[in-house]
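Hydrogens, waters and symmetry mates play no part in the numbers below; they use all other heavy atoms, side chains included. A note on names: the letters A, B, ... follow the listed sequences, proteins ahead of strands, and every chain is numbered from 1.
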2 protein chains.
Amino acid sequence: MPRISFGSTVRQKRVERQIGLREFAKQIGVSPTYLSKVERDEFAPPAEDKVVRIAQLLELDRDALLALAGKVASDVQDIIRRHPVETASFLRSTKGWTAERLAAFVKDAARKHKA
Amino acid sequence: MPRISFGSTVRQKRVERQIGLREFAKQIGVSPTYLSKVERDEFAPPAEDKVVRIAQLLELDRDALLALAGKVASDVQDIIRRHPVETASFLRSTKGWTAERLAAFVKDAARKHKA
DNA sequence: GCGGTCGTTTAGTATATAGTTCACGTTCAA
DNA sequence: TTGAACGTGAACTATATACTAAACGACCGC
């Protein structure tokens, strides 16, 4: 499990926004009981669509929250599967990179794509 | 399902190498019955470790075969989760790219990483 | 015409994933 | 002092995933 868990992050942000557990559960589309256990990491994080909904409601980055949930967005997985060999190779080569270095590459990629 | 399926690919390569179903199943660590159904796409592709084992035995690229199985290697998923925002952003920006363009980027990444 | 191999059919099973329902104790406002 | 909202505990449940075992008919060598 990551240093900071999915559950505790959700709880912190939800409480910060003063949304009740029942109210929030309703907005996500799950039972309050379930949400309670998820927030205390007694249950594993919910399915992708629920995680995405939570990210929207709490204004968190969906990819970041999915990562906390131990998942990778399904659209991203689809992209990887289009060119799995090249993509996997690239990703493995970035294994030791910092977020900053990666961010620079993203910029570069976007620029080159336009050209 | 992809244009060419996981099952048919495995069967073709296995037959090509003249390995019997029972023999191959044994090497993978599954029952012949199961392998038979997987190869005719009656059952979904097996778990990641089995797919990787198949790739080894048939000398196929593991990431390519995993993609055919509708999966992404777990080590690659782990890498994505280290910097999910940047990585997802990058991958989405490569959505329309050809394999060649991606390959060039991989090379570039490797070169820059050394420096 | 029997023993061994081939792939296949039918009918299951174990475990994980993703949740639910109902009932409970606490706190606070009217 | 009741009732409305809060979060929680215990006990299930449904569906999907990832398989297995037993038996079957076709073929092949001897």
Side-chain angles (χ1 to χ4, degrees), chain A residues 1-2 5-58 62 65-74 77-78 81, chain B residues 1-2 5-58 62 65-74 77-78 81:
Chain A
M1 35 203 136
S5 75
F6 175 83
S8 62
T9 300
V10 172
R11 171 144 299 188
Q12 191 215 302
K13 294 291 175 186
R14 175 178 64 76
V15 170
E16 199 173 294
R17 290 182 165 245
Q18 313 206 54
I19 310 171
L21 183 88
R22 278 179 169 80
E23 167 66 14
F24 195 54
K26 198 175 177 182
Q27 287 174 20
I28 299 164
V30 297
S31 70
T33 312
Y34 179 60
L35 180 59
S36 172
K37 298 198 169 231
V38 167
E39 284 188 350
R40 285 172 298 116
D41 301 304
E42 196 180 312
F43 276 7
E48 179 171 355
D49 60 330
K50 306 296 195 304
V51 174
V52 168
R53 186 96 188 88
I54 291 169
Q56 284 171 350
L57 292 167
L58 298 178
R62 77 186 218 131
L65 195 62
L66 281 168
L68 264 183
K71 299 173 196 290
V72 171
S74 52
Q77 302 213 34
D78 290 343
R81 285 200 298 268
Chain B
M1 33 201 140
S5 74
F6 175 82
S8 62
T9 300
V10 171
R11 172 145 298 190
Q12 192 214 301
K13 294 290 175 187
R14 175 179 65 77
V15 169
E16 198 172 293
R17 291 183 165 244
Q18 313 205 54
I19 310 171
L21 184 88
R22 279 178 168 81
E23 168 65 13
F24 196 54
K26 198 175 179 183
Q27 286 174 19
I28 299 163
V30 298
S31 69
T33 311
Y34 180 60
L35 180 59
S36 172
K37 301 201 163 227
V38 167
E39 284 189 350
R40 286 172 297 120
D41 301 304
E42 198 179 311
F43 275 8
E48 179 171 355
D49 60 330
K50 307 293 195 305
V51 174
V52 168
R53 186 95 187 91
I54 292 169
Q56 284 171 351
L57 291 167
L58 298 178
R62 75 187 220 130
L65 196 63
L66 280 168
L68 263 184
K71 299 174 196 290
V72 171
S74 53
Q77 301 214 35
D78 289 344
R81 285 200 298 269

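- The OG1 atom of Thr9(A) sits 8.5 Å away from the CG atom of Asp41(A) when rounded to the nearest 0.5 Å.
- Summarising the geometry, atom CD belonging to Gln12(A) is positioned 11.5 Å from atom CZ belonging to Arg17(A); distances are rounded to the nearest 0.5 Å.
- For Gln18(A) and dA5(D), the CD to P distance is 17 Å, given to the nearest whole Å.
- Atom CG of residue Leu21(A) and atom CZ of residue Arg11(A) lie 6.0 Å apart, to the nearest 0.5 angstrom.
- Taking NZ of Lys26(A) as the start and CD1 of Ile19(A) as the end, the distance is 14.0 Å to the nearest 0.5 Å.
- For the segment residues 47-57 of chain A, residues with any heavy atom less than 4.0 angstrom from an atom of DNA chain C are, sorted by number, Ala47(A), Lys50(A).
- A distance of 9.0 Å separates OG1 in Thr33(B) from CZ in Phe43(B), rounded to the nearest 0.5 Å.
- Defined by atom type and a distance below 3.5 Å, a donor-acceptor pair is present between the side-chain atoms of Ser5(A) and Ser8(A).
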Distances for protein N or O near nucleotides 9-13 of chain D N or O, under 3.5 Å:
from, atom 1, to, atom 2, distance (Å)
dG9(D), OP2, Arg40(A), NH1, 2.8
dG9(D), OP2, Arg40(A), NH2, 3.4
dG9(D), O6, Thr33(A), OG1, 3.2

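- Applying the 4.0 Å criterion to OP1 and OP2 of dT8(C), one finds that Arg11(B) has a side-chain N or O inside that range.
- Summarising the geometry, the separation between OH on Tyr34(A) and P on dA14(D) is reported as 17 Å, rounded to the nearest angstrom.
- To the nearest 0.5 Å, the span separating CG on Leu65(A) from CZ on Phe6(A) amounts to 4.5 Å.
- Lys71(A) is not listed as a side-chain neighbour of Gln77(B), based on a closest heavy-atom distance of 4.5 Å or more.
- Considering all non-hydrogen atoms of both residues, Ala73(B) and Glu48(B) come closest at CA-OE2, 3.5 Å.
- A heavy atom closer than 4.0 Å to some atom of DNA chain C occurs in no member of residues 19-27 of chain A.
- Counting non-hydrogen atoms of neighbouring residues, nucleotides and ligands closer than 6.0 angstrom, the CD atom of Glu16(B) exceeds 12 such neighbours.
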